[in-house]
**Q** 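I have a structure here, written as structure tokens, and I will follow up with some questions on it.
All values below were derived from every heavy atom in this structure, side-chain atoms included, with hydrogens, water molecules and symmetry-related copies excluded. Each chain gets a letter, A, B and so on, in the order its sequence line appears, and its residues count up from 1.
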2 protein chains.
Amino acid sequence: MMQMTDCAACPLQKRRMFLPFTPEEIAFMRAFKTGEAVVRPGETLLAQGERSERLYTVLEGFATRSIQLEDGRRQVVNFVFPGDFLGLQAGIMGEMRHSVQATTPMRVCIFQRSRLWDLFRDKPDRAYDLTWLAAVEEHFLGETIATLGQRDATERVAWALARIWQRLSALGEITPDGVALPFRQHELADALGLSKVHTSRTVSQLRALGLLVWRRGRLNMPDPARLFALAGLPMEREEQRPLI
Amino acid sequence: MMQMTDCAACPLQKRRMFLPFTPEEIAFMRAFKTGEAVVRPGETLLAQGERSERLYTVLEGFATRSIQLEDGRRQVVNFVFPGDFLGLQAGIMGEMRHSVQATTPMRVCIFQRSRLWDLFRDKPDRAYDLTWLAAVEEHFLGETIATLGQRDATERVAWALARIWQRLSALGEITPDGVALPFRQHELADALGLSKVHTSRTVSQLRALGLLVWRRGRLNMPDPARLFALAGLPMEREEQRPLI
DNA sequence: CCTCGAACTTAACGCAGGTTAATGCGGACG
DNA sequence: CGTCCGCATTAACCTGCGTTAAGTTCGAGG
């Protein structure tokens with residue numbers, strides 16, 4: 001165990017996409033939090049099949065949630081960003097059905113699964129927030145299903161980049177020359193059900209259309225409105241979300 | 001409003017896939033439930049974009065949850081079975097992001113969205129159950145994403161039919177000549193991201209392999225183990241689930 | 001018994017995207 | 001400054017699935 005940030009000084013609170021903690025919430029979270037961990041790129045934070053005793057909130061860094069099929073094929077279910085809560089599945093259903101793998105260095109808060117029930121019993125508002133997060137997650141998964149089921153490669157890539165852009169932007173990660181993309185084409189491909197080669201072709205095509213600039217881990221969008229339109233997404237700002 | 005079944009005599013309780021109510025739960029559910037409705041095939045129970053004040057539990061009958069894209073394409077996100085809880089998205093996020101459409105006659109219990117918070121405040125165990133259901137749902141959506149992203153048409157069809165079979169079987173709907181399938185090929189196709197034509201071809205192929213018999217709304221599986229293997233699914237029985 | 005329509009089936013053809021493989025490029029390290 | 005390696009790109013070829021369109025089959029209603 002390493003030095004642990006106090007919840008009162010939670011770095012996530014500086015990002016305006018998150019609802020501020022009330023003093024009681026800080027007190028509760030302080031007691032709920034049992035540690036902190038650093039994860040290196042490529043490391044597996046939660047493994048499919050594992051019965052993890054731990055739950056996490058991402059403080060910093062990025063990851064993928066992915067499912068491994070029997071024969072080795074891999075599907076990235078979605079991307080993980082700071083503020084995301086991890087491990088609810090194992091926490092509630094007993095066993096993780098997917099893995100979480102860091103794509104950048106990460107820092108995470110640690111909670112104990114055994115205390116999840118206390119949260120429901122003693123802090124209904126926190127439990128409600130947790131369910132809120134689960135409902136939002138469910139919505140995004142539904143959108144992903146619609147994308148994989150109905151959209152062609154161009155639309156898919158546009159959609160994924162638009163969603164990632166939106167999330168990074170809500171986190172305040174945008175600079176004049178765009179954002180640092182924490183994922184590689186390989187992960188995009190696995191998330192969209194496309195081959196790496198075709199993903200590259202498709203990205204090139206979007207580049208040729210002047211819809212994006214993506215080089216060496218930096219992404220920029222010369223004309224966000226057009227890209228969002230192609231992705232079938234409205235351009236609204238994301239709602240603030242609670243933090244567990 | 002029509003005549004309303006008392007929760008103490010809830011017909012779902014007869015099905016062994018559901019955890020039995022405790023006496024207090026019955027008392028609570030009785031107060032929580034505000035009505036009952038009958039829905040005809042084809043009717044829309046919840047519409048995408050709507051801010052429904054109502055939540056439902058399915059007592060009888062089947063439905064699809066689907067997302068409509070801007071240009072009219074439709075993706076069936078999943079299938080709805082008796083015991084499923086509907087409307088949590090609108091209940092928690094404010095707006096439905098998908099529609100729920102009956103594919104058979106249905107009967108549903110009605111609850112008020114405004115009282116959802118009471119449930120969290122007063123009945124932490126019920127709130128926990130609700131979150132449990134959400135977590136299981138999330139797991140299935142993840143599996144669907146993996147299927148659409150990685151599996152070919154044959155595997156997809158096998159997967160969908162195996163999952164539906166499993167659920168119907170848990171509901172006790174299996175007879176010696178199989179189950180009554182409440183969905184048509186059209187809906188399967190929309191759920192799997194395949195065209196109707198190719199879905200038909202693929203079903204024929206599975207039929208030719210002796211893996212299934214599906215005629216006029218009845219499905220049978222001569223060799224479930226082989227079909228499940230093809231679908232990449234273990235053949236275990238589903239866990240009992242709570243009922244809201 | 002006949003007609004009609006919904007659901008499904010079958011066949012022919014074309015294309016989006018998979019696969020394989022060769023090539024380019026920049027960053028890390030000696 | 002040169003080599004290596006991981007990642008991205010490009011090209012050539014192939015196939016699974018979409019599309020269109022012409023049947024079937026069966027049940028409902030006259």
Side-chain angles (χ1 to χ4, degrees), chain A residues 40-42 64 69 71-76 101-105 147-161 180-209 212-219 230, chain B residues 40-42 62 64 69 71-76 101-104 147-161 180-209 212-219 230:
Chain A
R40 274 159 310 173
T64 57
L69 303 194
D71 59 4
R73 283 174 288 182
R74 177 180 90 138
Q75 173 70 34
V76 170
Q101 259 201 330
T103 60
T104 68
T147 301
L148 297 191
Q150 304 298 323
R151 300 202 208 270
D152 68 18
T154 314
E155 296 171 309
R156 289 191 211 187
V157 171
W159 172 80
L161 292 177
L181 252 206
F183 312 109
R184 283 159 302 142
Q185 285 193 13
H186 184 14
E187 278 122 18
L188 247 204
D190 282 353
L192 297 175
L194 298 172
S195 67
K196 285 186 289 185
V197 174
H198 197 62
T199 303
S200 171
R201 282 197 282 252
T202 308
V203 168
S204 306
Q205 180 198 328
L206 289 175
R207 225 178 332 240
L209 287 170
L212 48 88
V213 181
W214 180 10
R215 261 193 100 214
R216 277 187 268 143
R218 284 207 80 79
L219 171 69
L230 180 54
Chain B
R40 274 158 309 174
F62 303 87
T64 57
L69 304 193
D71 59 5
R73 284 174 287 182
R74 179 180 87 138
Q75 173 70 34
V76 169
Q101 260 202 328
T103 61
T104 69
T147 301
L148 297 191
Q150 304 298 326
R151 299 202 209 272
D152 69 18
T154 313
E155 296 171 309
R156 290 190 211 187
V157 170
W159 171 80
L161 291 177
L181 252 207
F183 312 108
R184 285 159 301 141
Q185 286 194 11
H186 183 15
E187 278 122 17
L188 247 204
D190 283 352
L192 298 175
L194 299 171
S195 67
K196 286 186 288 185
V197 173
H198 197 63
T199 302
S200 171
R201 281 198 283 252
T202 308
V203 168
S204 306
Q205 181 199 327
L206 290 175
R207 228 181 326 242
L209 288 171
L212 48 87
V213 181
W214 180 9
R215 261 193 99 213
R216 276 183 271 146
R218 283 207 81 78
L219 171 69
L230 181 54

**Q** When the distance from CZ of B/Phe183 to P of C/dA6 is rounded to whole Å, what number comes out?
**A** 21 Å
**Q** Please state how far atom CZ in A/Arg184 lies from atom C1' in D/dT9, giving the value in whole angstrom units.
**A** 16 Å
**Q** Compute the angle between the rotation axes at the two ends of the helix from C/dC1-D/dG30 to C/dG30-D/dC1, each taken over five pairs, rounded to 10 degrees.
**A** 40°
**Q** Minimum heavy-atom separation for A/Thr64 to A/Glu187, with atom names?
**A** CG2-CG, 4.0 Å
**Q** Please report the distance, rounded to the nearest Å, between CD in B/Gln150 and P in C/dG18.
**A** 10 Å
**Q** Using every non-hydrogen atom in the two residues, find where B/Thr199 and B/Ser195 come nearest and quote the distance to one decimal.
**A** OG1-O, 2.7 Å
**Q** For nucleotides 10-20 of chain D, just jot down a letter per nucleotide in 5' to 3' order: B, S or -, based on protein non-hydrogen atoms under 4.0 Å.
**A** BBB----BBBB
**Q** Taking all heavy atoms of B/Val157 and all of B/Val203, pick out the closest pair and write down the distance.
**A** CG1-CG2, 4.0 Å
**Q** Is B/Arg207 close enough to C/dT9 that one of its side-chain N or O atoms is under 4.0 Å from OP1 or OP2 there?
**A** yes
**Q** Are any side-chain N or O atoms of A/Gln150 and backbone N or O atoms of B/Arg74, one a donor and one an acceptor, separated by less than 3.5 Å?
**A** yes
**Q** Would you kindly give the CZ-to-P distance between A/Arg216 and D/dG6, to the nearest whole Å?
**A** 19 Å
**Q** Any sub-3.5 Å donor-acceptor pair from A/Arg151's side-chain atoms to A/Arg156's backbone N or O?
**A** no
**Q** Can you measure A/Trp214 atom CH2 to D/dT9 atom C1' for me and round it to whole angstrom units?
**A** 13 Å
**Q** Could you pull out the closest heavy-atom pair between A/Asp190 and A/Gln75, with the gap in Å?
**A** O-NE2, 3.1 Å
**Q** Any side-chain to backbone donor/acceptor pair from A/Ser204 onto A/Ser200? Under 3.5 Å, distance only.
**A** yes
**Q** Compare side-chain N and O positions of B/Gln185 against OP1 and OP2 of C/dA6 and report whether any pair is under 4.0 Å apart.
**A** no
**Q** Looking at B/Trp214 and B/Arg207, what are the two nearest heavy atoms and their distance?
**A** O-NH1, 2.6 Å
**Q** Could you state the atom-to-atom distance from CD of B/Gln205 to P of C/dT10 in whole Å?
**A** 12 Å
**Q** Nearest whole angstrom, please: distance from the P of D/dT9 to the NE2 of A/His186.
**A** 15 Å
**Q** Testing the basics here: between B/Leu188 and B/Ala160, what is the closest heavy-atom pair and its distance to 0.1 Å?
**A** CD2-CB, 3.6 Å
